[in-house]
Amino acid sequence: MIAIAVHALLPSPGAEVDVSSFDSFLATNLGFPVVASFYFILLYLHVLIVVSIYGKYSEMEKRKIGLRFGFAYGIIYLVAMQEVVLSGSPFEQYGIDFILYQFFMGLGDAIPVVLVYILVAHFFLEKKANSVKRKIVELSRSQIVLRVAVIAGLIVIERILGYYVGYIDSDIQSYPVPVICWTILIGVTFGFVYILLRPIYVRQDGRVALFQLVVCSLGINWIWFNSFMGLIMKGLMGQMILRSGIDIFLIYIGMRVCETYHK
């Protein structure tokens, strides 16, 4: 309800999307509002599950858990919506109108996810007793830089390869510089988000619950977020799952190596 209300209240500069162009089976038979509502329900249901299951094992304060989760996913949504793909948008050319339109679309997802994570953490997590708190060992600057660089590098290489092989739709032929800049930005964003969420998943023995962090928390949400276009556009679901799944697989492998050999 928060997400739908925020999208309705935020400005939509430049143009309006023609929902009649959404030709998937679900959009055609159920209608765009029903499909969009179903998408938001599952997206934020995942928020509830992640906080309820993994947040309670963290020794971090519940307020910090909610803020870290909220800002991590909110940043991803904001940056992801700037992907330079004009199909599915109301614009025929890339420019400031496209950037502003996508910014407000991303903000419509980011604001609710921050609010929902804070609320869920507050009401569903117990207050940690002082007796069980322990200091989480922070990464050094070199460790942080390495992890961000590894994630960004893997994402950039994989995405650019996908653009030219063809399993990722992009406008790189028409707008090579914006596409490459966005690809670098989304790679760095994933690196930053990993660093932001990592302390929540540090176990008592100092190891990171990597599968729970990268796959169960970040991965499922990222795949479902990308799947929205597959829900409303015919023939896109396979590509959306494939490309976001490869993103998560590479992040997991890269961080498995870093957490094992660069402690």
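These figures come from a predicted structure and were not determined experimentally.
Between V150 and C258 the shortest heavy-atom distance is CG2-SG, 3.8 Å. The two residues V51 and L125 have their closest heavy-atom pair at O-CD2, 3.4 Å. Between K62 and H122 the shortest heavy-atom distance is NZ-O, 3.1 Å. In plain terms, the two heavy atoms of A110 and G74 that are nearest each other are CB-O, 3.5 Å. Closest heavy-atom contact between V113 and V47: CG2-CG2, 4.1 Å. Here the closest heavy-atom approach between residue Y194 and residue M255 is recorded as CE2-SD, 3.5 Å.
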Please set out all donor-acceptor pairs under 3.5 angstrom arising from side-chain atoms of residues 26-37, sequence neighbours excluded.
unit_1, atom_1, unit_2, atom_2, d
T28, OG1, S24, O, 2.8
N29, ND2, F25, O, 2.7
S37, OG, P33, O, 2.8

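Crowding of F71 atom CZ: a count of heavy atoms from other residues, nucleotides or ligands under 6.0 Å not exceeding 12. Environment of CZ in F249: sparse, with no more than 12 heavy atoms of neighbouring residues, nucleotides or ligands closer than 6.0 Å.
Here ring pair (Phe, Tyr, Trp, His ring centres under 6.0 Å) pairs that include residues 150-184, with residues two or more places apart or in two chains, are Y94-Y175. Among pairs with a residue in residues 66-88, those fulfilling salt bridge (charged side-chain N to carboxylate O under 4.0 Å, His left out) read E83-R159, E83-R243, at least two apart in sequence or across chains.
Contact of the I232 side chain with the Y39 side chain is not registered, since no non-hydrogen atoms from C-beta on lie closer than 4.5 Å. F69 is not listed as a side-chain neighbour of V120, based on a closest heavy-atom distance of 4.5 Å or more. I99 is listed as a side-chain neighbour of Q82, based on a closest heavy-atom distance under 4.5 Å. Residues D247 and E158 form a side-chain contact, since some pair of their non-hydrogen atoms from C-beta on lies under 4.5 Å apart. Put simply, the side chain of S227 reaches to within 4.5 Å of the side chain of I241, judged on heavy atoms.
Placement of V179 and F91 within a single hydrophobic cluster is found when ILVMFWY residues are connected by side-chain heavy-atom separations under 4.5 Å, directly or transitively. When hydrophobic clusters are built by joining Ile, Leu, Val, Met, Phe, Trp and Tyr residues whose side-chain heavy atoms come closer than 4.5 Å, directly or via intermediates, F40 is grouped together with L42. When hydrophobic clusters are built by joining Ile, Leu, Val, Met, Phe, Trp and Tyr residues whose side-chain heavy atoms come closer than 4.5 Å, directly or via intermediates, V193 is grouped together with F211. Taking hydrophobic clusters as Ile, Leu, Val, Met, Phe, Trp and Tyr residues chained together by side-chain heavy-atom distances below 4.5 Å, I65 shares a cluster with L210. A single hydrophobic cluster is not seen to contain both I96 and V177; linkage of ILVMFWY side chains at heavy-atom distances under 4.5 Å, directly or through other members, places them apart.
Distance OG/S58 to CG/L197: 10.5 Å, rounded to 0.5 Å. Considering CD1 of I172 and OG1 of T183, their distance stands at 6.5 Å, rounded to 0.5 Å. Here the CD1 atom belonging to I76 is positioned 7.5 Å from the CG atom belonging to N221, to the nearest 0.5 angstrom. Between the NZ atom in K234 and the CE atom in M237 there is a gap of 14.5 Å [rounded to 0.5 Å]. To the nearest 0.5 angstrom, L236 atom CG is 11.0 Å from N226 atom CG. I168 CD1 to L242 CG: the interatomic distance, rounded to the nearest 0.5 Å, is 7.5 Å.
The aromatic rings of Y77 and Y73 are tilted relative to each other, their planes meeting at an angle between 30° and 60°. By the 30° and 60° cut-offs, the orientation of the rings of W224 relative to F38 is perpendicular.
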Please test I155 against I251 for side-chain contact (heavy atoms from CB on, under 4.5 Å), starting from the C-alpha separation and ending with a verdict.
CA-CA 8 Å; I155 293 296; I251 293 173; 4.2 Å; yes
What's the verdict on side-chain contact (heavy atoms from CB on, under 4.5 Å) for M233 and F228, showing C-alpha distance, side-chain angles and the deciding distance?
CA-CA 9 Å; M233 300 292 288; F228 179 70; over 6 Å; no
Go through the steps to decide whether E259 and R198 satisfy the test side-chain contact (heavy atoms from CB on, under 4.5 Å), and finish with yes or no.
CA-CA 11 Å; E259 297 293 348; R198 184 183 181 276; 2.9 Å; yes
Applying side-chain contact (heavy atoms from CB on, under 4.5 Å) to F190 and V148, what does each step give before you reach the verdict?
CA-CA 8 Å; F190 274 119; V148 173; over 6 Å; no
Checking side chain to side chain donor-acceptor pair (under 3.5 Å) for the pair S217/Y201: CA distance, chi angles, key distance, verdict?
CA-CA 10 Å; S217 302; Y201 292 85; 2.5 Å; yes
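Judged purely by atom type and a 3.5 angstrom limit, Q239 uses its side chain to pair as donor or acceptor with the backbone of D169.
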